Protein chains: 2
Amino acid sequence: MELKRATEGEKGFEKVFAFLRERLLAGSLKPGDRLISERELATLLGVSRPIVREALRALTVLGIVEIRDRIGTVVTRPDVSVLNDFFTFALAQQADMLDDVMQARVAIECQAIRLACERANIADFERLQRALAKIGETIDEADAGGMADFDFHRAIVVASHSETLTVLHGSLAGLLTHSHRSRRELVQAFPSMKTYLIDDHRRIFEAVIARDPERADATLRKHFAIGDEYRRRAIVGDIDKTSASG
Amino acid sequence: MELKRATEGEKGFEKVFAFLRERLLAGSLKPGDRLISERELATLLGVSRPIVREALRALTVLGIVEIRDRIGTVVTRPDVSVLNDFFTFALAQQADMLDDVMQARVAIECQAIRLACERANIADFERLQRALAKIGETIDEADAGGMADFDFHRAIVVASHSETLTVLHGSLAGLLTHSHRSRRELVQAFPSMKTYLIDDHRRIFEAVIARDPERADATLRKHFAIGDEYRRRAIVGDIDKTSASG
DNA sequence: GTCTGATCTTGGTCAGACCAGTATGCTGAC
DNA sequence: GTCAGCATACTGGTCTGACCAAGATCAGAC
């Protein structure tokens with residue numbers, strides 16, 4: 001591989017892709033820049049235009065560039081949707097991965113809440129408070145309730161002011177959306193879940209307000225654990241008779 | 001957009017991509033399956049072959065399919081390298097994201113170590129032990145030392161037996177490799193780092209062996225914090241005079 | 001100075017062709 | 001009847017050259 005010049009020995013597609021990758025990684029191509037036209041690129045690298053288009057399309061699905069009809073190809077800021085696509089495909093083919101993805105979500109959120117305790121500003125607090133209120137208001141609605149739940153957790157991650165965590169959470173959470181919804185349907189079967197949902201989220205909120213990372217992390221972690229426990233009990237058919245201790 | 005049939009109104013590429021996406025997500029195309037040939041696909045969807053290739057290439061960079069020269073296109077199991085590519089590009093353009101990615105790594109590893117405490121088997125323990133020994137052996141070598149350090153942390157994640165966490169960690173860690181190395185070079189400047197590196201990793205190891213998630217998490221977290229502190233001190237030019245308390 | 005329209009350029013796409021190997025099956029030898 | 005060997009059909013990999021539609025640009029008319 002190293003025997004050949006970077007832009008010479010490879011197959012056509014690799015040649016173009018490598019060429020662009022270099023510029024992108026080296027920083028000579030920055031977000032906002034417009035690439036040279038497909039035709040120029042083709043003649044420059046000695047390949048045909050369809051090949052160039054393959055490479056450009058590849059970068060497009062990676063969220064690196066955007067092909068604008070009749071305008072040109074411009075470098076964009078990397079976007080979440082790529083990860084979304086990937087995980088969507090990945091999970092479609094390995095459904096058993098759901099629990100696993102949940103673990104990743106827990107990881108992200110628990111770290112996010114620690115950062116949130118340090119970095120959250122007034123606006124973040126307000127957003128959390130609104131989300132918390134919404135959870136209370138929509139406690140009896142499966143759909144709106146699920147969304148409120150999601151928003152609250154999302155607000156935590158946003159409050160971490162970490163773009164990477166936010167991006168990752170966005171990708172993972174999208175996949176878990178329906179899981180969220182199905183979980184909300186348990187609320188009807190398990191009346192005790194209402195207080196669990198409301199109180200738990202308030203405790204989490206309070207820990208963030210108190211800017212206590214350890215407590216926030218622990219509370220959030222426990223929140224997830226109890227949720228799992230409910231789900232487990234739903235599977236085995238237990239009906240809200242025993243306490244929610246694992 | 002919704003006015004048109006799914007495989008009709010879109011532009012050529014979208015048409016093909018949507019067509020394949022459907023089959024992929026619906027499960028009628030499973031890993032291992034061989035797609036129909038490019039030519040057939042082209043006539044089937046009423047587009048030209050270059051367009052089909054664009055779509056195929058797009059799926060390739062997403063790690064969904066693999067184009068095998070002169071064999072055909074087959075559906076593969078989603079692969080890590082996609083995320084790697086994405087994060088590589090993403091970080092190349094937002095270098096300030098490094099600290100942010102580090103936060104994500106901490107998130108992944110701290111969750112992984114908790115799972116590892118529950119799920120690790122003898123083989124995992126042995127791998128950790130070997131990695132730990134290696135850290136001691138290579139404490140004076142910048143390159144091998146950095147790799148030993150990485151291997152140890154990697155072993156923790158592997159021991160979590162969570163594919164998603166492993167995948168994410170693989171992607172993130174790749175980006176932090178050089179950061180790892182540069183950090184190891186601090187060892188020369190900060191003699192006290194040697195004991196920090198060795199003792200810290202052993203404490204982490206012991207916590208996993210003891211199967212104590214809380215302790216493992218806390219120890220690992222502290223380990224990262226101290227590492228950050230060393231780095232901070234390196235930046236401000238301090239030379240190992242004060243103790244490493246943050 | 002402004003407006004209008006021809007022209008250039010850009011992406012979007014197609015058709016048909018050639019190459020180089022793989023897979024298969026047919027043919028002929030044993 | 002079996003099996004080796006070669007011809008052929010098929011696959012991806014690529015190129016050439018062409019056409020279209022529409023944004024961008026600039027010359028020329030007003």
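Bear in mind that the values here come from a model prediction, so they are computed numbers and not experimental data. Computed from heavy atoms alone, side chains included, the values below leave out hydrogens, waters and symmetry copies. Throughout, a chain's letter reflects where its sequence line sits, starting with A, and its residues are numbered from 1.
Evaluation of the side chain to side chain donor-acceptor pair (under 3.5 Å) rule for B:Thr76 yields no partner, not counting sequence neighbours. In this structure A:His223 satisfies the ring-ring contact (aromatic ring centres under 6.0 Å, His included) test together with A:His153, A:Tyr196, A:His201, sequence neighbours excluded. In this structure B:Phe13 satisfies the ring-ring contact (aromatic ring centres under 6.0 Å, His included) test together with B:Phe17, sequence neighbours excluded.
As a whole-Å value, the separation of B:Leu56 CG from D:dT14 P is 13 Å. Counting to the nearest Å, the C1' atom of C:dG11 and the CD atom of B:Glu14 are 14 Å from each other. One interatomic measurement links the two molecules: CZ of A:Arg49 to P of D:dG17, which rounds to 14 Å at whole-angstrom precision. As rounded to whole Å, 16 Å separates atom P of D:dG12 from atom CZ of A:Phe13. Distance CZ (A:Arg68) to P (C:dG11): 12 Å, rounded to an integer number of Å. Atom CZ of B:Arg70 and atom C1' of D:dT14 are 12 Å apart (whole Å). Taking atom CD1 on A:Ile71 and atom C1' on C:dT10, their separation rounds to 8 Å, with Å as the unit. B:Leu45 has its CG atom 15 Å from the C1' atom of C:dT13, to the nearest Å.
Between A:Glu163 and A:Arg77 there is a salt bridge, with a side-chain nitrogen of the basic residue lying less than 4.0 Å from a carboxylate oxygen of the acidic one. Looking at B:Asp124 and B:Arg127, a side-chain N of the basic residue comes within less than 4.0 Å of a carboxylate O on the acidic one, giving a salt bridge.
The closest side-chain heavy-atom distance from B:Ile113 to B:Ile204 is below 4.5 Å. Under the 4.5 Å side-chain criterion, counting only non-hydrogen atoms from C-beta, B:Asp149 is not in contact with B:Thr138.
A distance-only check finds no donor-acceptor pair linking the side chain of A:Arg23 to the backbone of A:Ala18 [under 3.5 Å].
Of the residues near DNA chain D, A:Asp69 and A:Glu54, the one whose nearest nucleotide (by heavy atom distance) lies more toward the 5' end is A:Glu54.
Phosphate contact (OP1/OP2 of D:dG12, side-chain N/O of B:Thr73, threshold under 4.0 Å): present.
Listed by residue number, the members of residues 58-67 of chain B with any heavy atom below 4.0 angstrom from DNA chain C form an empty set. Using a 4.0 Å cutoff on non-hydrogen atoms, the parts of residues 32-40 of chain B near DNA chain D are B:Ser37, B:Glu38, B:Arg39, B:Glu40, ordered by number.
Residue pairs meeting the side-chain hydrogen bond (donor to acceptor under 3.5 Å, both in side chains) criterion with at least one partner in residues 110-123 of chain A, sequence neighbours excluded, are A:Gln111-B:Gln103, A:Gln111-B:Arg221, A:Arg114-A:Glu214, A:Arg114-A:Asp217.
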